[in-house]
Amino acid sequence: MSQTTDLLALMPDELESFMKSIGEPAYRAGQLFSQMHRGISPDRMTNIGKATLEKMRAAGAHFYLPTVRRKLVSAIDGTVKYLFALEDGNCVESVLMKYNHGNTVCISSQVGCRMGCAFCASTIGGKVRDLLPSEILGQVIAAGADSGERISNIVMMGIGEPLDNYDNVIRFLHLVGAPGGLNIGYRHISLSTCGLADRILMLAKEDLPITLSISLHASDDATRSAIMPVNRKWNIDALLDACKRYYAATGRRISFEYTLIAGKNDSVKDAVALATLLNSRLRERGKDSVPIHVNLIPVNPVRETGFSATDRNSLLRFAQTLEKKGIRATVRRKLGSDINASCGQLRRAEEQKADGESDKN
Ligand code: SAH
């Protein structure tokens, strides 16, 4: 069998080489690139003729977009949660959120996850596989095409650990930022990581000034290692050191996520410890001070984990304690609370359903 070429994985110059290799003019690549990235399959493009399509097919060209397997729309705020099916039948989740400053799509980077965070639904069945660059991009394209909305921001906070699928994520970032395609600016893209410090250092050298979001969730190694196994490999010290270097290389402020779990990490003492840690490691006076921001998120209870969310008062007290110590903190506005919009849970529910019965839609 001849080799297949995943058209959505190609950068404009690569698509141009492909088209030239089958005797087509270079401008065809531009037509293809912009339309494919708007969700139009080549065989539906009015400016690509049958003969061209035939030549592309013979040379192994392949186009696939994730298809909507399930879709939940929040009656409260219009948040849309997608369960997308990939070509091999695996599913991932994406969430489209509407803010005043534009539409944000939250996308997945892997099918499942192998990081093992104790509170997270995505990791329960382990990692099935990495997503291809075209599948990561495909979620953004498919969410935009399905909703008819322009996507202006991307957060990589869905299923999977993006830095554990490093090369594919980097290619995706180049694809989504490419002029002629979705052309989303790197300042409008956030990548969330559980803290693979070595990869953060690699990312710092890519010249892709995206916002780095660190899932910190605890301010001492014992607590963090108990809920996030990754901390046994890259402890808080190594992680914050990588953050400093990321800022030095990119000039981008670092965002920290802190999920509040009742009785585990949500006391005033914990807030003081967090502020002390961030202030002493990142915000010491002088030129090396790193601009930071903390996002507080009450843990979303997942049946299997047994953790429960902090109450409203503890949450506010935690935020105030941080602010008093000079740390900017926001309580994440909960979008789509009626559709369980945190990632990992819809895919799990679907898998359990598939295990119990052979239900196809
Ligand atoms: N692997 C990446 C990105 C995916 S998770 C990471 O760890 O950052 C996106 C965010 O949701 C992370 O901060 C993660 O810790 C958090 N999260 C996971 N499960 C959660 C839950 N049940 N409640 C609240 N936040 C959760």
Side-chain angles (χ1 to χ4, degrees), residues 81 92-95 97 104-127 130-131 136 139 154-166 168-169 172 189-197 199-200 203 210-219 223-231 233-234 236 239 242-243 246 254-262 264-266 274 293-310 315 318 329-337 340-349:
K81 177 151 187 170
V92 288
E93 291 171 38
S94 317
V95 182
M97 294 161 287
T104 297
V105 64
C106 173
I107 55 173
S108 299
S109 54
Q110 297 177 316
V111 180
C113 185
R114 61 186 184 126
M115 295 295 129
C117 297
F119 43 82
C120 180
S122 301
T123 202
I124 292 171
K127 181 180 104 170
D130 287 329
L131 292 187
I136 306 174
Q139 297 166 66
I154 296 174
V155 295
M156 303 199 78
M157 291 190 183
I159 297 171
E161 167 50 48
L163 297 185
D164 186 42
N165 183 15
Y166 188 84
N168 290 352
V169 164
F172 155 73
I189 301 177
S190 291
L191 181 150
S192 179
T193 177
C194 63
L196 301 177
R199 301 288 169 83
I200 293 173
L203 186 63
I210 56 174
T211 301
L212 193 60
S213 234
I214 304 289
S215 297
L216 191 58
H217 306 326
S219 49
T223 311
R224 192 163 191 268
S225 293
I227 51 174
M228 300 181 72
V230 68
N231 197 69
K233 178 144 194 215
W234 304 107
I236 293 178
L239 179 55
C243 290
Y246 188 82
I254 311 276
S255 175
F256 289 93
E257 287 148 278
Y258 193 99
T259 289
L260 290 149
I261 306 170
K264 281 244 184 265
N265 64 357
D266 66 339
L274 177 62
H293 185 92
V294 174
N295 264 314
L296 298 173
I297 316 151
V299 77
N300 214 312
V302 173
R303 188 163 39 88
E304 291 86 340
T305 66
F307 292 148
S308 46
T310 206
L315 180 65
F318 201 98
T330 42
V331 174
R332 181 168 295 172
R333 190 154 69 93
K334 212 171 158 175
L335 290 178
S337 53
N340 210 353
S342 295
C343 270
Q345 305 195 28
L346 190 58
R347 172 174 165 262
R348 245 190 98 59

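Numbering of ligands and ligand atoms starts at 1, following listing order.
- Looking at Val299 next to ligand 1, no N or O pair under 3.5 Å apart turns up.
- Atom numbering of ligand 1 starts at 1 in the shown order; those under 4.0 Å from a heavy atom of Phe119 are 15 (O), 17 (N), 18 (C), 19 (N), 20 (C), 21 (C), 22 (N).
- With hydrogens and angles disregarded, a donor-acceptor distance shorter than 3.5 Å links the side chain of Ser108 to the backbone of Ile159.
- The closest approach between a heavy atom of Gly158 and any atom of ligand 1 is below 4.0 Å.
- Residue Asn300 approaches ligand 1 through these ligand atoms, each under 4.0 Å from one of its heavy atoms: 21 (C), 22 (N), 23 (N), 24 (C).
- Ligand-side atoms of ligand 1 in range of Cys120: 18 (C), 19 (N), range being under 4.0 angstrom from any heavy atom.
- You'll find the side chain of Cys243 reaches within 4.5 Å of the side chain of Phe256, heavy atoms only.
- Of the heavy atoms in His217, only side-chain atoms (C-beta onward) come closer than 4.0 Å to ligand 1.
- Evaluated for a side-chain hydrogen bond (donor to acceptor under 3.5 Å, both in side chains) with Gln110, the options Asn168, Asn165, Asp164 yield exactly one hit, Asp164.
- In summary, the atoms of ligand 1 found under 4.0 Å from a heavy atom of Glu257, numbered by their order in the structure, are 10 (C), 12 (C), 13 (O).
- Both the backbone and the side chain of Glu161 come within 4.0 Å of ligand 1, counting heavy atoms alone.
- Residue Ile297 places no N or O, backbone or side chain, under 3.5 Å from any N or O of ligand 1.
- The heavy atom nearest to atom 1 (N) of ligand 1, considering only Cys113, Cys194, Gly160, Ser192, is found in Gly160.
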Exercise. Glu161 and Ser109: side chain to side chain donor-acceptor pair (under 3.5 Å), yes or no, with the steps?
Worked result: CA-CA 7 Å; Glu161 167 50 48; Ser109 54; over 6 Å; no
Problem set entry | Leu216/Leu274 under side chain to side chain contact (heavy atoms under 4.5 Å, CB included): CA gap, chis, key distance, verdict | CA-CA 10 Å; Leu216 191 58; Leu274 177 62; 3.7 Å; yes
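- A perpendicular orientation is assigned to the rings of Tyr258 and His217, their planes being inclined by more than 60° (bins at 30° and 60°).
- With Asn231 contributing its side chain and Ala226 its backbone, the two residues share no donor-acceptor pair below 3.5 Å.
- Contacts between Thr193 and ligand 1, counted as non-hydrogen atom pairs separated by less than 4.0 Å, involve the backbone only.
- By the 4.5 Å heavy-atom criterion applied to side chains, Phe307 and Ile227 are counted as neighbours.
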